[in-house]
**Q** 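Let me begin by handing over the structure; questions about it come next.
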Amino acid sequence: MEKYNPSIIEKKWQEIWDKLNLNKAVDFDEKPKYYCLEMFPYPSGKIHMGHVRNYTIGDVIARFKRYTGYNVLHPIGFDAFGLPAENAAINAKIHPAKWTYANMDYMLSQLQKLGFSYDKDRIIATCDPKYYKWEQKIFIEMFKRGMAYRKESEVNFCPHCQTVLANEQVEDGKCWRCDSEVVKKTIFSWYFKITDYADELLEDIKLLEQGWPSRVLSQQINWIGKSEGAFIKFKFEKSDEYLEVFTTRPDTLFGVTFVSISPKHPKVKEIVKDKNILDYVEKMIVDLDIKKDYDKEKDGIYSGINLVNPANGEIVPLYIANFVLMEYGTGVVMGVPAHDQRDFEFATKFNIPKKIVIYREDLSKDVTTWKSSFVDSGFLVNSGEFNGLQNELAKEKIVEHLASKNLARKAYQYKLRDWNVSRQRYWGAPIPIIYCPNCGVVTESIENLPVELPENIEITGFGGSPLAKVESFVNTTCPICGAKAKRETDTFDTFVESSWYFLRYCSPDYDKDIFDKQKVKYWMDVDQYIGGIEHAVMHLLYARYFTKVLRDLGYVESSEPFKRLLTQGMVIKDGAKMSKSKGNVVDPDDIVNTYGADTARLFILFAAPVDKDLEWSDEGIEGSFRFLNRLYRLIANYAFKVKDVPLQGTLTPRIKELLYEINSCVQKVTNDIENYHFNTAIAKLMEFVNFLYSFNPEEDELGYFRQALEKLTILISPFVPHLACELWEMLGHSEIVFSQSWPKVELEYATKDTVKIAITINGKLRDTVETTKDADQKEVEKLALNSEKVKKHLEGKEIKKYVYVKNKILNIIV
RNA sequence: GCCGGGGUGGCGGAAUUGGUAGACGCAAGGGACUUAAAAUCCCUUGGGAGUUUCUCCCGUGUGGGUUCGAUUCCCACCCUCGGCACCA
């Protein structure tokens, strides 16, 4: 007998699949469509186990859906812009484009070897000008609608490398490349006004509750960070001007004993004249910029200025305090030390009085004995006409009262900030903006798109934006007046590309617009999206945002791109994420070379539920390989004997049992695949194989045995497609297994005639009895009382009652 | 601190609406085959105890509760992983 040889089988079938063009997604096909999408990879060089897991999950779903009558779109592409390509250029003197395309070629060959069923006519690379041309168009439309804008803001900057650094490139306050201190710098950047969509992004989470993991949704809710509160005006003691604060606790307004303002607030320089104070403010700003959050102690200084509490007219001091964020609210905060922990700490340090305004019986009335602030609910005290009110109620009342005097207004604030999309890098999509001395900031005209990246470029990693040094790129003419003008040299954050690639897959070659609206209408929404949990906020929020923007620009109809989301767990080894530094990396190439793609796929699905972390095990993969060998031998043993044998003979108990096992397997595997419980689906298939091994069919049972082997082959084919094709062929079929339809449960065989019923006494298992299905209680009681074991436990006891659950259990209470 | 997961054998993990805890796999032990090994096949395998072809007790992080019956539901607590973190 031939041995199972995955390297030969897999190559053979991959070629056949390509020839048959099996995985083609047909635009506007009559079958119902199904869009199955996995997050596309960054072309880092080679795929890792996380990719294998991600794409195997998607492939099983895509193949299963094709079996069950769907027209499936299952595409792949590359998130091809990004910093590693520039690092390669610096370190290895390879052009980023060359590096990226070489990596994509290699990774595509790896994906091919793993047998993933992608539609190969839809591969996209975001660094292709044919792709980013349309991204530039989207930007231009956004800019024209005021959805994109330019502003000056604070960023991380390395003074040595002369470049902006992303947050993740700052390590312990130092530049990751040259180790110099990173400073905050205020520069101009481009922003997307995602905050305009904050409310909708939050509201529409309701639409995703059925299909998305709750932890992703809760992370997004957290990130958007909507708070209900009020703006309240505090008048200066000595002028008629106001400072406005944002608070979520207007109910504590009578407890204000100071107000604090951010050192970075522009008002500070206006209103404080004392040089010593201003020097101290400067020192605080420097500290804020270099220190890590966790070692920032509360610090501040009295500004010399007082304000008036609008609720009771009390004069309160204004402090300049380092814990007040300039980026949130108004940059000014009312200080209520008794009912806010930060204010409590600050007031304790600076000997500012604390005043109780929310009270509960179990509290001490002497605030000086308090170890921390009281932030729970209670009723109001020391609050004038509001005394005695429940504090939640008082929030409304106090705001209403002040609003009538134009001193307060109800408001919402969000943690979400506008999205900074400017990167001072080469390997990204150029932002299609031109600075004209006459016309100002203008967009490139649509006809001139794409604004292409210049190819001849030197990337050193030093001296600021690489594009700024390419004169042929920078110098251009104004599309409006024709004057000499300069191009924007920033490129887009790569999250911009990944915010709409799933739309481009619907018509990847369309050259008249961003995409073909009709095709997008046919294919969207993505029915199942699969990817890593690390994208819970950034990518998934940006993609949701872009979909809404494109809807408002008239390009798409839906508001949410991804109906269902599956977040797979990490692949770990020795308890830690695989990483070069830990030396616990398992290379998919090695696994495929040693065991084949089918074994890799099977193990990665079998070893853990999809959403949990998966502990890699060298012994485990051996086990999966053994199983496939066992399966191969089973079918190779019988293929010749069962070929073309018809179903025949009477339904003997043995045949009935065989049919029951077949149907129970069909039912369990189908159900489990539908629910993405691949590990238990595979376990069931293993059980079925074990059963078939022990069955040893007689001559006249071979017809039914053939049927068992055939259904087994179909059921396992989404997991191990190459082997399944081979087995199907061995069983004598000339057409490919994937042309079959998915087995249906034959209800008449799906249940057994007899059932085992557990007999428990006071909830403890004492025996099991076998009886006919749906037997009535009396009958089971009789059987139970006949059992020796049960008799023994009932000796000298009085039966009080029976609890009977049909086909399951009889509990005897004594 | 806040939010969200998760605690089941030596290990990865199974257990419909509360109804026989430990499926399946790994590891381990024993046996068959073999000159031998590999491969393969078969058996055992949660812990403890005993009168050991059988029987009993304990057992799903801990302590309570609801129930005829709890891994599953409720309350309190412990541990652990992930995210956010001075957001007023």
Side-chain angles (χ1 to χ4, degrees), chain A residues 3 213-223 225-227 229 245-249 252 259-260 288 293-294 296-298 321-325 327-336 339-343 345-346 372 375 413-417 533-534 536-537 567 569-570 575 602-603 606-609 611-624 626-627 629-630 633 668 671 677 679-690 693-694 756-768 789 792-793 800-814:
Chain A
K3 261 185 74 181
S214 61
R215 60 177 173 157
V216 173
L217 296 179
S218 83
Q219 273 187 57
Q220 292 211 355
I221 290 168
N222 232 307
W223 187 264
K226 183 177 184 175
S227 318
V245 304
F246 176 74
T247 181
T248 56
R249 294 297 305 274
T252 64
V259 173
S260 36
L288 278 180
D293 285 344
Y294 49 79
K296 273 175 198 162
E297 247 186 63
K298 288 211 170 34
N322 70 343
F323 67 91
V324 181
L325 302 175
E327 315 85 69
Y328 185 81
T330 61
V332 187
V333 178
M334 64 186 213
V336 188
H339 305 293
D340 181 283
Q341 188 55 28
R342 294 152 301 186
D343 297 341
E345 286 164 26
F346 190 80
S372 64
V375 295
Q413 286 289 297
Y414 300 86
K415 284 198 226 177
L416 184 70
R417 308 281 147 80
I533 184 73
E534 66 273 20
V537 175
T567 50
M570 287 189 302
L602 186 79
F603 173 71
F606 177 64
D611 57 334
K612 299 273 162 52
D613 284 353
L614 183 153
E615 173 78 34
W616 185 266
S617 150
D618 293 333
E619 294 79 24
I621 191 126
E622 284 278 355
S624 294
R626 269 202 295 271
F627 169 69
N629 275 284
R630 202 167 139 78
R633 281 195 308 273
K668 174 79 175 156
N671 210 2
H677 296 156
N679 56 332
T680 49
I682 292 167
K684 183 70 185 180
L685 289 162
M686 289 173 168
E687 279 182 78
F688 190 44
V689 168
N690 290 342
Y693 258 91
S694 65
K756 258 189 185 175
I757 292 183
I759 308 300
T760 61
I761 297 173
N762 287 350
K764 283 192 180 189
L765 180 71
R766 294 305 176 195
D767 201 2
T768 59
K789 291 176 192 170
K792 202 174 126 193
H793 283 277
K800 284 190 181 157
K801 150 177 167 192
Y802 295 96
V803 178
Y804 179 59
V805 180
K806 205 161 74 175
N807 298 333
K808 277 195 176 144
I809 198 165
L810 177 73
N811 194 12
I812 304 169
I813 323 301
V814 296

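Below, chain A is the first sequence line, B the second, and so on; all start at residue 1. The model shown is predicted, which means the values in this text are computed figures rather than measured ones.
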**Q** Residues two or more places apart in sequence or in another chain: which of them pass side-chain contact (heavy atoms from CB on, under 4.5 Å) with A/Asn671?
**A**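 side-chain contact (heavy atoms from CB on, under 4.5 Å) list for A/Asn671, sorted by chain: A/Glu674, A/Asn675.
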
**Q** I'd like to check the ring-ring contact (aromatic ring centres under 6.0 Å, His included) partners of A/Phe346; sequence neighbours left out, ordered by chain and number.
**A**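 For A/Phe346 the ring-ring contact (aromatic ring centres under 6.0 Å, His included) partners, ignoring immediate neighbours, are A/Phe258, A/Tyr319, A/Phe323, A/Phe350.
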
**Q** Given that both pair distances must be under 3.5 Å and the pair must be Watson-Crick or G-U, what runs of three or more consecutive pairs involve RNA chain B?
**A**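 Detected stem regions: B:1-7 with B:78-84, B:10-12 with B:24-26, B:28-32 with B:40-44, B:46-50 with B:54-58, B:61-65 with B:73-77.
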
**Q** All N/O contacts under 3.5 Å from nucleotides 19-29 of chain B to the protein, with atom names and distances to one decimal?
**A**
from	atom 1	to	atom 2	distance (Å)
B/rA23	O2'	A/Glu687	OE1	3.4
B/rA23	O2'	A/Glu687	OE2	3.1
B/rG25	OP1	A/Asn690	ND2	3.2
B/rC26	OP1	A/Arg626	NE	3.3
B/rC26	OP1	A/Arg626	NH2	2.8
B/rA27	OP2	A/Arg626	NH2	3.3

**Q** Using a 3.5 Å cut-off and no angle test, enumerate the donor-acceptor pairs between side-chain atoms of residues 807-814 of chain A and protein atoms at least two apart in sequence or in another chain.
**A**
from	atom 1	to	atom 2	distance (Å)
A/Asn807	OD1	A/Asp774	N	2.8
A/Asn807	ND2	A/Asp774	OD1	2.8
A/Asn811	OD1	A/Thr760	OG1	2.7
A/Asn811	OD1	A/Asn762	N	3.4
A/Asn811	OD1	A/Gly763	N	3.0

**Q** Could you list the protein-to-nucleotides 54-59 of chain B atom pairs, N/O on both sides, closer than 3.5 Å?
**A**
from	atom 1	to	atom 2	distance (Å)
B/rC56	OP1	A/His793	NE2	2.5
B/rC57	OP2	A/Arg766	NH1	3.3
B/rC58	OP2	A/Lys764	NZ	2.8

**Q** Quick one: list whatever passes salt bridge (charged side-chain N to carboxylate O under 4.0 Å, His left out) with A/Lys298, sequence neighbours left out.
**A**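 Here the qualifying residues are A/Glu345.
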
**Q** Would you tabulate the nitrogen or oxygen pairs shorter than 3.5 Å linking the protein to nucleotides 3-6 of chain B?
**A**
none

**Q** List for me each residue that meets salt bridge (charged side-chain N to carboxylate O under 4.0 Å, His left out) alongside A/Arg766, sequence neighbours excluded, and say none if there are none.
**A**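 Result, salt bridge (charged side-chain N to carboxylate O under 4.0 Å, His left out) vs A/Arg766: none returned.
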
**Q** Please enumerate all residues that pass salt bridge (charged side-chain N to carboxylate O under 4.0 Å, His left out) together with A/Asp343, with sequence neighbours excluded.
**A**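 A/Asp343: no salt bridge (charged side-chain N to carboxylate O under 4.0 Å, His left out) contacts found.
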
**Q** Do the side-chain N or O atoms of A/Tyr328 get closer than 4.0 angstrom to the phosphate oxygens (OP1, OP2) of B/rA88?
**A**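 The answer is yes; a side-chain N or O of A/Tyr328 sits under 4.0 Å from OP1 or OP2.
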
**Q** A/Lys226: which residues meet the salt bridge (charged side-chain N to carboxylate O under 4.0 Å, His left out) condition with it, sequence neighbours left out?
**A**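 With neighbours one apart ignored, the set is A/Asp199.
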
**Q** For A/Phe246, what residues pass the ring-ring contact (aromatic ring centres under 6.0 Å, His included) criterion, not counting sequence neighbours?
**A**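 A/Phe231.
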
